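Input: a single structure, listed below in structure tokens.
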Amino acid sequence: MTETSQPVVLPANLSARTILGRRVLFGFGCATLLFVGSAFALPHHIPPLLTLLIAMLYLVSTIDRNYLVLRGLNTSALVHISDEEALALTDDELPVYTVLLPVYDEPAIVSNLINGVGRLNYPTDKLEILLLVEEDDLATQTALFDADLQSVRVVLVPYSLPRTKPKACNYGMSLPDLKGEMVTIYDAEDIPDPLQLRRAVAAFRRVPPEIGCLQARLAYFNERQNLLTRWFSLEYDQWFGVVLPAVDELRCVVPLGGTSNHMTTKVWREIGGWDEFNVTEDADLGVRLARHGYRTLILDSITLEEANADVVNWIRQRSRWYKGYLQTMLVHLRSPAQLRDTIGIKATLRLINMTGGVPLTAAINLIFWFAMLVWVLGRPAFVAEVFPPLTYYICLVLFIVGAPLSIFVGLVATQALGKPYLWWAALLAPLYWLLQSIAALKALYQLVFRPFFWEKTVHGLTHSTASSTTITGGN
């Protein structure tokens with residue numbers, strides 16, 4: 001087995017495997033009982049104090065998220081590599097590239113591969129494309145029997161738990177005959193910019209050594225399919241094209257996307273590979289890059305994906321993401337002081353807001369909206385008790401100023417990103433927030449009762465394809 005293919009071992013304190021073990025659950029249960037007991041003993045002090053604290057944190061979180069969007073719209077930290085610069089690299093200058101394609105129960109993968117990864121402009125003899133298929137996934141295996149996959153290597157991943165994407169990818173990277181000097185991941189439905197690998201190689205030659213990862217931008221080829229895909233597209237465009245560049249510019253942690261993140265195999269190995277027990281292994285990997293002293297930049301190269309067009313399917317996917325964000329936050333807050341000393345107090349606070357803060361505030365939305373509805377309908381005394389004047393006015397500011405401001409920022413983003421046709425989706429964003437809240441509550445439930453369950457996202461719900469779509473370096 002070569003040095004580049006040795007299995008990596010992630011330290012136990014950086015894995016989500018034991019994040020909610022018996023000791024943690026016992027401690028959480030004791031804390032809950034203590035809080036409930038205190039609330040009954042001091043009903044006029046503890047509940048109002050809790051709602052005040054939540055409202056203040058929610059206000060700070062909202063301000064920071066809108067600030068990142070506005071800052072990202074006014075500055076650009078994207079790494080741009082022109083077509084000419086990417087094509088100027090000779091075959092001898094290009095490193096061997098390992099491309100991981102983890103799939104499960106996707107028999108339609110063959111046509112997607114040909115339309116997507118099969119169009120990468122890179123020397124065949126320097127591409128290691130691994131199609132990672134679970135050994136009990138007979139439907140996908142059957143679909144591959146008569147397929148002409150050319151340079152794609154099918155790898156059967158032995159059955160083991162947890163059944164997750166990072167587990168399959170770690171297995172692929174442990175194969176003894178791999179020679180890849182760089183590595184990236186694409187999902188089954190991905191259609192990357194054909195020059196993306198070349199752009200990544202050229203970009204790494206330009207940036208300083210502290211850059212450990214280049215995250216390409218993600219977008220959707222079916223964004224106009226329905227209202228849900230429009231919301232999803234607007235969210236993704238803001239996240240990868242605006243928010244993450246601003247986060248990097250502020251020298252904070254960049255949570256990676258689940259696909260199209262490029263790094264050297266050496267760096268991947270140094271930071272411990274993927275956490276097989278974290279269902280958003282991408283976000284976790286971004287944190288560990290920062291903890292090892294590396295930065296992540298956003299590469300101005302687009303990978304098109306299929307936006308979820310079905311509400312139930314979307315909730316399944318989003319609840320898994322939210323659960324993984326919570327896992328990531330809890331794992332890296334095991335030693336808060338150590339995290340602060342490693343990445344800094346500002347980066348630590350923003351990391352909390354961008355991971356655990358996202359699902360927690362989404363869940364709180366439903367609680368606060370319900371409290372407001374109860375108050376409007378009957379003005380019960382317990383609502384007035386729990387929401388004293390200071391808390392009430394903070395929530396009023398969030399409702400009257402914060403919500404319209406978020407909608408306005410979304411409208412500004414549609415123009416700045418060159419997608420004015422998404423304006424009406426931005427206006428209807430509060431309905432999208434409701435879906436996010438439902439997904440957040442489900443994520444909290446699964447975090448406790450099904451922490452490692454990888455809820456499968458169904459692909460292929462789009463009738464049209466993106467096979468004829470022209471993908472370039474950016475907008």
Side-chain angles (χ1 to χ4, degrees), residues 27-70 231 315 318-319 322-323 325-326 329-330 333 349-410 426-448:
F28 179 76
C30 291
T32 301
L33 290 175
L34 179 62
F35 169 76
V36 172
S38 300
F40 275 106
L42 300 169
H44 302 295
H45 297 85
I46 300 301
L49 182 62
L50 178 63
T51 54
L52 174 60
L53 179 62
I54 291 174
M56 292 180 66
L57 292 175
Y58 195 109
L59 178 64
V60 172
S61 176
T62 302
I63 292 173
D64 187 60
R65 290 180 204 172
N66 284 302
Y67 166 73
L68 289 175
V69 174
L70 294 174
W231 280 331
I315 290 175
R318 184 53 60 98
S319 62
Y322 282 169
K323 180 172 65 174
Y325 287 164
L326 291 165
M329 180 186 72
L330 293 172
L333 285 180
L349 293 175
R350 185 160 280 129
L351 171 64
I352 294 172
N353 190 33
M354 295 181 68
T355 53
V358 171
L360 289 176
T361 52
I364 290 168
N365 267 340
L366 274 183
I367 299 173
F368 277 21
W369 291 338
F370 178 75
M372 180 182 68
L373 178 63
V374 170
W375 176 252
V376 170
L377 292 177
R379 296 182 179 270
F382 79 89
V383 175
E385 182 76 28
V386 175
F387 288 84
L390 179 57
T391 307
Y392 172 81
Y393 287 117
I394 292 176
C395 292
L396 192 64
V397 169
L398 283 168
F399 184 74
I400 296 178
V401 179
L405 177 62
S406 296
I407 295 173
F408 174 73
V409 169
L427 280 179
L428 296 174
L431 297 176
Y432 192 52
W433 301 344
L434 176 61
L435 292 180
Q436 291 174 331
S437 296
I438 295 172
L441 291 177
K442 181 182 177 184
L444 289 168
Y445 170 83
Q446 286 200 347
L447 179 68
V448 177

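Computed from a predicted model, the values in this text were never measured in an experiment.
Taking CD1 from I63 and CG from L59, the interatomic distance works out to 4.0 Å, rounded to the nearest 0.5 Å. Taking CE of M354 as the reference point, atom OG of S61 lies at 10.5 Å (rounded to 0.5 Å). The CD1 atom of I367 sits 11.5 Å away from atom OG1 of T51, with the distance rounded to the nearest 0.5 Å. The line from CD1 of I315 to CD1 of I438 is 5.0 Å long, rounded to the nearest 0.5 Å. Separating the CG atom in L398 from the OG atom in S406 is a distance of 9.0 Å, to the nearest 0.5 Å.
The stretch residues 353-376 participates, sequence neighbours left out, in no salt bridge (Lys or Arg N to Asp or Glu O under 4.0 Å) pair at all. Listed by first and then second residue, the side-chain hydrogen bond (donor to acceptor under 3.5 Å, both in side chains) pairs that reach into residues 354-376 are Y58-N365, R65-T361, sequence neighbours excluded.
Side-chain atoms of L447 and L330, non-hydrogen and from C-beta on, do get closer than 4.5 Å to each other.
Under the rule for a side chain to side chain contact (heavy atoms under 4.5 Å, CB included), the partners of L57 that lie at least two apart in sequence or sit in another chain are L53. Take L49 and apply the side chain to side chain contact (heavy atoms under 4.5 Å, CB included) test, not counting sequence neighbours, and it matches no residue. With sequence neighbours excluded, the residues forming a side chain to side chain contact (heavy atoms under 4.5 Å, CB included) with A363 are A440, L441, L444, listed by chain and number. Under the side chain to side chain contact (heavy atoms under 4.5 Å, CB included) criterion, L427 pairs with I407, L411, W423, not counting sequence neighbours. R350 pairs by the side chain to side chain donor-acceptor pair (under 3.5 Å) definition with D64, not counting sequence neighbours. Scored by the side chain to side chain donor-acceptor pair (under 3.5 Å) test, Y67 finds R71 as partners (sequence neighbours excluded).
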Under 3.5 Å donor-acceptor pairs involving side-chain atoms of residues 381-396, not counting sequence neighbours:
unit_1, atom_1, unit_2, atom_2, d
E385, OE2, H44, ND1, 2.6

(request) Evaluate the criterion side-chain contact (heavy atoms from CB on, under 4.5 Å) for residue pair L435 and W231; output intermediate values, then yes/no. (result) CA-CA 11 Å; L435 292 180; W231 280 331; 4.2 Å; yes
(request) Please test F368 against M372 for side-chain contact (heavy atoms from CB on, under 4.5 Å), starting from the C-alpha separation and ending with a verdict. (result) CA-CA 6 Å; F368 277 21; M372 180 182 68; over 6 Å; no
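In terms of heavy-atom proximity, Y322 sits nearest to A439 at CD1-C, 3.9 Å. Residues G356 and P359 approach most closely at O-CD, 3.2 Å, considering heavy atoms.
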